[in-house]
Amino acid sequence: MNEVGFPALIANLGFPIAITSYLLIRFEKRISDLSEAINALKNEIHNNNKKR
């Protein structure tokens, strides 16, 4: 890669990488909360099936 291409590559890829990182960090908590809710629902269904 030539010297002119490398800074252009960094400039072009920097913004998408920054946005992707921001979204992953922001949605990490929501994904974790959803995972916990799914596990709680699974356990509740399992407990209800045992009572029958």
Side-chain angles (χ1 to χ4, degrees):
M1 188 175 294
N2 61 26
E3 293 178 15
V4 177
F6 188 70
L9 180 65
I10 296 299
N12 288 333
L13 292 180
F15 180 73
I17 289 171
I19 293 297
T20 301
S21 299
Y22 170 76
L23 291 175
L24 285 174
I25 290 168
R26 183 164 181 218
F27 288 120
E28 181 179 7
K29 172 86 170 105
R30 290 182 184 175
I31 291 170
S32 177
D33 291 344
L34 286 172
S35 180
E36 289 176 17
I38 290 169
N39 285 331
L41 182 60
K42 180 184 77 169
N43 290 336
E44 190 66 32
I45 290 170
H46 180 71
N47 290 338
N48 283 339
N49 285 337
K50 286 170 76 176
K51 290 179 183 178
R52 291 182 183 187

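These numbers were taken from a predicted model, which means no experiment stands behind them.
Here the options are I17, L24, L23, the test is side chain to side chain contact (heavy atoms under 4.5 Å, CB included), and the partner is T20; only L24 passes.
With values rounded to the nearest 0.5 angstrom, D33 atom CG is found 10.5 Å from E28 atom CD. With values rounded to the nearest 0.5 angstrom, N39 atom CG is found 11.0 Å from L34 atom CG. Taking CG of N49 as the start and CD of E44 as the end, the distance is 10.5 Å to the nearest 0.5 Å.
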